[in-house]
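Have a look at the structure below before the remarks.
As the structure is a prediction and not an experimental result, all values here were calculated from the model.
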Amino acid sequence: IKQEGDTIIIHHESMDVTRTVHMNLTEHPADLPHSEMGHSIGRFEDDTLIIDTAAFDSGVIVRSALRTDQMTMVERLSV
């Protein structure tokens with residue numbers, strides 16, 4: 001995990017994918033293209049990074065767990 005200006009970059013080594021968390025946005029832009037990792041925006045609440053992700057592709061998350069293009073996810077990362 002590293003911060004570069006207004007973005008936080010998260011590289012998931014086990015899946016060999018990179019996520020970009022846009023820290024300078026408060027809403028997801030309209031008409032985003034959908035992707036496997038979705039579109040992430042973030043903010044800090046005290047020492048906790050809140051990441052809101054939307055615009056996922058439809059498909060399989062793990063084994064038989066499915067996702068639709070309407071799925072959203074909120075994560076809270078803290079030390």
Side-chain angles (χ1 to χ4, degrees):
I1 299 174
K2 64 182 175 179
Q3 187 164 3
E4 295 180 354
D6 289 340
T7 60
I8 293 178
I9 308 299
I10 303 172
H11 181 73
H12 296 272
E13 292 179 3
S14 63
M15 299 181 296
D16 194 27
V17 295
T18 300
R19 294 175 59 199
T20 301
V21 180
H22 303 275
M23 299 297 290
N24 60 340
L25 300 176
T26 57
E27 295 182 11
H28 298 284
D31 301 323
L32 280 172
H34 288 73
S35 66
E36 181 180 10
M37 298 307 293
H39 181 270
S40 298
I41 58 177
R43 69 184 186 283
F44 281 100
E45 289 182 4
D46 299 318
D47 291 335
T48 301
L49 173 61
I50 311 296
I51 303 172
D52 180 307
T53 306
F56 288 101
D57 279 339
S58 296
V60 177
I61 298 173
V62 176
R63 295 186 194 117
S64 61
L66 301 177
R67 67 175 179 236
T68 71
D69 61 357
Q70 299 300 305
M71 183 179 98
T72 61
M73 176 173 62
V74 176
E75 302 165 90
R76 288 172 172 76
L77 307 177
S78 58
V79 245

Query - Shortest non-hydrogen separation from Ala54 to Thr72 and the atoms involved - result: CB-CG2, 4.0 Å
Query raised in the report: Roughly how far, to the nearest 0.5 Å, is the CD atom of Gln3 from the CD1 atom of Ile8?
Result: 4.5 Å
Query raised in the report: Distance from Asp69 atom CG to Leu32 atom CG, nearest 0.5 Å?
Result: 12.0 Å
Requested in this report: Would you please classify the geometry between the His39 ring and the His28 ring as parallel, tilted or perpendicular, with 30° and 60° separating the classes?
Outcome: perpendicular
Requested in this report: Give a yes or no answer on whether the side chain of Thr18 reaches the backbone of His11 with a donor-acceptor pair at less than 3.5 Å.
Outcome: no
Report summary line: Closest heavy-atom pair, Met73 versus Phe56, reported as atoms and distance to 0.1 Å, is CE-CZ, 3.9 Å
Report task. Could you pull out the closest heavy-atom pair between Asp57 and Arg67, with the gap in Å? Result -> O-NE, 2.7 Å
Query raised in the report: Picking from Asp52, Thr53, Ile51, what satisfies side chain to side chain contact (heavy atoms under 4.5 Å, CB included) with Ile41?
Result: Asp52
Query raised in the report: Under a 4.5 Å side-chain heavy-atom rule over Ile, Leu, Val, Met, Phe, Trp and Tyr, are Met23 and Leu77 clustered together?
Result: yes
**Report entry** Over 12 foreign heavy atoms within 6.0 Å of CG, Asp47
**Finding:** no
Query - Hydrophobic cluster identity match, Val74 and Phe44, side-chain contacts under 4.5 Å - result: no
Report summary line: Interatomic distance, OG@Ser78 vs CD@Glu45, rounded to 0.5 Å, equals 11.5 Å
